[in-house]
Amino acid sequence: MKKIKKLKITLYVFSILLLGGITTYAILYYNFYGKFKIDTQQFPHHIGYIDQEKALLNNTYTLCGDRSIYKIHHGAPDDAFEGSKKKFKNFILSNYKNESYTDSGYANFRFLINCEGNAGWFEIIEMNLDLEESPLDKNMVKQLLKLTSDSRNWAIFSYKNQPRNYYMYISYRIENGEIVEILP
């Protein structure tokens, strides 16, 4: 009986060691050979990077602390809106004036919000409804920039009890000069 018990314990220990070895090998293989290679010459920056030298409203506010940016992979839609997204949407729709605009497409705003809740460092990408880059009416985009950058819309994001700078994006779907959807 003792031999069977010793054999079972030996098999369990061997199985655990084998499984641990296979897992370690898989992790090492993935990290050194299995990952896709990143072309750092073509893509020198991280996801969410906004060139602060080329950005609009880049000299209005300053980034806080060590200038680190949080929420860079997906923005901060859950944390960003002061009050709620519904409040933001109502603000935009009640203040936006269609001044005979007829354009249709998307106006995409990528930007940073500093630790004081001030929006700046805007990058704007304009596209038609087929998602091809195409210019929209300059005055319409200027009006949307003014409304989007209004600091009353943006909350202060805290991490470890410290207010932080963070990345955000807003996309307006426009049909015949009217805003029909605000994403995210």
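The basis for the numbers below is simple: all heavy atoms, side chains too, and nothing from hydrogens, waters or symmetry mates. This is a predicted model, so every value here is computed, not measured.
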Run the side-chain hydrogen bond (donor to acceptor under 3.5 Å, both in side chains) check on Glu82 and Asn153 step by step: do they pass? CA-CA 5 Å; Glu82 183 63 43; Asn153 295 320; over 6 Å; no
Given side-chain hydrogen bond (donor to acceptor under 3.5 Å, both in side chains), test Asn118 with Ser151 step by step and report yes or no. CA-CA 5 Å; Asn118 298 313; Ser151 294; 3.1 Å; yes
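The two atoms that bring Pro163 and Ile156 nearest to each other are CB-CG2, 3.6 Å, heavy atoms only. Listed here is the closest heavy atom pair of Trp154 and Gly117: CB-O, 3.6 Å. Nearest heavy-atom pair across Tyr167 and Leu112 is CA-CD2, 4.0 Å.
For the atom pair Met140 CE and Ile179 CD1, the distance stands at 8.5 Å (nearest 0.5 Å). The distance from atom CD of Gln143 to atom CD of Glu99, rounded to the nearest 0.5 Å, is 5.5 Å. Note: Trp121 CH2 to Asn114 CG = 5.0 Å, rounded to the nearest 0.5 Å. Interatomic distance, Ser104 OG to Asp130 CG, rounded to the nearest 0.5 Å: 11.0 Å. Once rounded to the nearest 0.5 Å, the distance linking CG of Leu144 with CG of Asn139 reads 11.0 Å. One finds the CG atom of Leu147 at 9.0 Å from the NZ atom of Lys97 (value rounded to the nearest 0.5 Å).
Side-chain N or O atoms of Asn128 include none that pairs as donor or acceptor with a backbone N or O of Gly105 at under 3.5 Å. Side-chain N or O atoms of Ser84 include one that pairs as donor or acceptor with a backbone N or O of Lys87 at under 3.5 Å.
Connection of Ile4 to Tyr12 is not established within any shared hydrophobic cluster, with ILVMFWY side chains joined at heavy-atom distances below 4.5 Å, either directly or through further cluster members. Cluster annotation: Leu131 and Ile125 are assigned to the same hydrophobic cluster (Ile/Leu/Val/Met/Phe/Trp/Tyr, side-chain heavy-atom contacts under 4.5 Å, transitive). Hydrophobic clustering, with ILVMFWY side chains joined whenever heavy atoms are under 4.5 angstrom apart, keeps Tyr106 apart from Phe88.
Between Thr24 and the choices Ile27, Leu28, Ile22, the side-chain contact (heavy atoms from CB on, under 4.5 Å) rule is met once, by Leu28. Of the candidates Ile174, Asp103, Leu136, Asp137, Leu136 is the only one forming a side-chain contact (heavy atoms from CB on, under 4.5 Å) with Glu126.
Between Glu181 and Arg173 there is no salt bridge, since no side-chain N of the basic residue sits under 4.0 Å from a carboxylate O of the acidic one.
Using a 4.5 Å cut-off on side-chain heavy atoms (C-beta onward), Ile182 and Ile92 make contact. Contact check for Leu145 versus Phe111: no side-chain heavy atoms found under the 4.5 Å cut-off. Using a 4.5 Å cut-off on side-chain heavy atoms (C-beta onward), Lys86 and Phe91 make no contact. Annotation: side chain of Leu7 is not in contact with side chain of Lys3 (no heavy-atom distance under 4.5 Å). The shortest distance between side-chain heavy atoms of Ile170 and Leu183 does not fall below 4.5 Å.
Between Tyr101 and Tyr96, the ring-plane angle classifies as tilted under the 30° and 60° cut-offs. Taking the six-membered ring for Trp and thresholds of 30 and 60 degrees, Phe109 and Phe122 have ring planes more than 60 degrees apart, a perpendicular arrangement.
Between the side chains of Asn108 and Ser171, at least one donor-acceptor pair of N or O atoms lies under 3.5 Å.
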